[in-house]
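Read the structure below first, then the notes.
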Amino acid sequence: MRIGVLGTGNMADALATHWARAGHHVTIGGRDEAAAARLARRVGGGAGSGGLRAAASGDAVLVALPFGAGADVVRELRAELVGRTLVDCSNPVGPGFRLLTEGGPSAARRLADAAPGAHVVKAFNLCHEDVWRMRPPVFGGRPLAVPVCGDDETALARVRTLVRDAGCAPVSGGGLDRAGLLEATAALFIGLWVGEGADAQAIVPPLAHAAGPG
C-alpha cells in the first residue's frame, strides 16, 4: 500500500515506522521538508519525503497533526485527497482534560467536511505515542485492540490492515458518526491516567462478565 503521512511529530514517527517495516511505501510530508526528510531517514524502509502535497497521494493518508491544524491542512489538499482513505488519529483534548469539540462536530467529522471527497476513518487515538512504538503493543499476551470508525468499506479495510501491521487487533467502532465517542473516550482515559493515576482498564469488567455474573 502507498501511505502518506501528513506531519513529522511523534505519532507520524511511531506509526510510519511500523508500516515501513511491514513493506508499505511510506511518504512523509510536512511544511518543513527538511524535518520530513529527517523523519523519513529515521523511519527507514525506503520511506520518501517532501512537502505536504507529496504525502497526499497515498492510498491511505495519516493526518498526524494537532487538532485544529489538521482540518486547515486537509482543506488545502482537498483536491489531491479525493478518493483517498484519510486516517485521523487526533485527540481534541485541552486543559483540564476537556473535550474541545463538546457541542460541535468531532475532529474526524471536521476533516471529512474539509475534504468531502476523501473517506475519513478514526483510529489510533486512544494511546500515547510510545505505546504505538512498541514492537508490538501486546499486554498479557493479548494484542492491543484498536477501535476503527468510518463509513466506507474500502477505507475501513485499508485501516484494518494498517492496524494489524502495527501488531494490533482492529475492532469495529461503527460509522464516522461515532468518532466523537472515541474522542470523548480519549479525554476520559487521559484524565484518568494522567490526572488521577488510575488504571482505566479497571473501570470495565472482562467481556465474559459484561452483563453481570453468569
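Along the sequence shown, the residues carry numbers beginning at 1. These numbers come from the heavy atoms of this one structure, side chains and all, not from hydrogens, waters or symmetry mates.
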Residues in side chain to side chain contact (heavy atoms under 4.5 Å, CB included) with P137, at least two apart?
-> V131, M134, F139, L144, C168

Are any non-hydrogen side-chain atoms of S90 and K122 less than 4.5 angstrom apart?
-> yes

Distance-only, no hydrogens or angles: does the H24 side chain make a donor-acceptor pair with backbone N or O of V26 under 3.5 Å?
-> no

Knowing that exactly one of L15, V159, V61 qualifies, which makes a side chain to side chain contact (heavy atoms under 4.5 Å, CB included) with V87?
-> V159

Should V121 and L86 count as side-chain neighbours, where that means a heavy-atom distance under 4.5 Å?
-> no

Test item: N10 side-chain N/O and E129 main-chain N/O as donor-acceptor pair under 3.5 Å = no

Report yes or no: does W132 contribute a side-chain atom to a donor-acceptor pair with the main-chain N or O of M11 at less than 3.5 Å?
-> no

Closest approach of A166 to P136 (non-hydrogen atoms, all atoms of both residues) = O-CB, 4.2 Å

Going by heavy atoms in the side chains, are I3 and T27 under 4.5 Å from each other?
-> no

Can you list every side-chain hydrogen bond (donor to acceptor under 3.5 Å, both in side chains) pair that touches residues 46-58, not counting sequence neighbours?
-> R53-E80

Not counting sequence neighbours, which residues clear salt bridge (charged side-chain N to carboxylate O under 4.0 Å, His left out) with R38? List them please.
-> none

Can you name the side-chain hydrogen bond (donor to acceptor under 3.5 Å, both in side chains) partners of R160, sequence neighbours left out?
-> none

Mind checking whether L111 and V63 have side chains closer than 4.5 Å, heavy atoms only?
-> yes

Would R21 and T17 satisfy side-chain contact (heavy atoms from CB on, under 4.5 Å), going step by step from the backbone distance to the final call?
-> CA-CA 6 Å; R21 286 189 184 123; T17 298; 3.2 Å; yes

Test V74 against L81 for side-chain contact (heavy atoms from CB on, under 4.5 Å), laying out the working first.
-> CA-CA 8 Å; V74 163; L81 293 171; 3.9 Å; yes

Can you tell me how far CG of L188 sits from CG of L181, rounded to the nearest 0.5 angstrom?
-> 12.0 Å

Flag, side chain of R178 to backbone of G173, donor-acceptor distance under 3.5 Å = yes

Could you pull out all residues at least two apart from D113 that satisfy side-chain hydrogen bond (donor to acceptor under 3.5 Å, both in side chains)?
-> none

Would you please name every residue forming a side chain to side chain contact (heavy atoms under 4.5 Å, CB included) with P66, sequence neighbours left out?
-> A69

Calculate, to the nearest 0.5 Å, the distance between atoms CG and CG belonging to L182 and D88 respectively.
-> 10.0 Å

Does E33 have any side-chain hydrogen bond (donor to acceptor under 3.5 Å, both in side chains) partners at least two apart in sequence or in another chain, and if so, which?
-> none

In one Ile/Leu/Val/Met/Phe/Trp/Tyr side-chain cluster, 4.5 Å: L6, W19 | no

Pairwise side-chain hydrogen bond (donor to acceptor under 3.5 Å, both in side chains) hits with a residue in residues 191-214, at least two apart | none

E183 side chain vs T101 backbone, donor-acceptor pair below 3.5 Å = no

Shortest non-hydrogen contact from V5 to A12?
-> CG1-CB, 3.5 Å

Which residues pass the salt bridge (charged side-chain N to carboxylate O under 4.0 Å, His left out) test with R42, sequence neighbours left out?
-> D13

Without placing hydrogens or testing angles, list every side-chain donor-acceptor pair under 3.5 Å for residues 146-155, not counting sequence neighbours.
residue	atom	partner	partner atom	Å
D151	OD1	L176	N	2.9
D152	OD2	T154	N	3.2
D152	OD2	A155	N	2.9

Any donor-acceptor N/O pair, N91 side chain to N125 backbone, under 3.5 Å | yes

Out of curiosity, does L77 fall in the hydrophobic cluster containing V120 (side-chain heavy atoms, cut-off under 4.5 Å, transitive links)?
-> yes

Heavy-atom pair of closest approach, residues L39 and G7 = CD2-O, 4.1 Å

Can you name the closest pair of heavy atoms from A36 and G30 and give their distance?
-> CB-N, 4.0 Å

What heavy-atom pair brings R84 and A56 nearest, and what distance separates the two atoms?
-> NE-O, 3.4 Å

Is there side-chain contact between T161 and M1, with heavy atoms separated by less than 4.5 Å?
-> yes

Mind checking side chain to side chain contact (heavy atoms under 4.5 Å, CB included) for D72 and listing every partner two or more places apart, or none if nothing turns up?
-> R75

Less than 4.5 Å apart, any side-chain heavy atom of I203 and any of L192?
-> yes

On a heavy-atom basis, the closest approach of C89 and A64 is SG-CA, 4.1 Å

Mind checking whether R158 and D59 have side chains closer than 4.5 Å, heavy atoms only?
-> yes

Transitively linked via ILVMFWY side-chain contacts under 4.5 Å: V204 with F189?
-> yes

E76 meets the side chain to side chain contact (heavy atoms under 4.5 Å, CB included) criterion, sequence neighbours left out, with R31

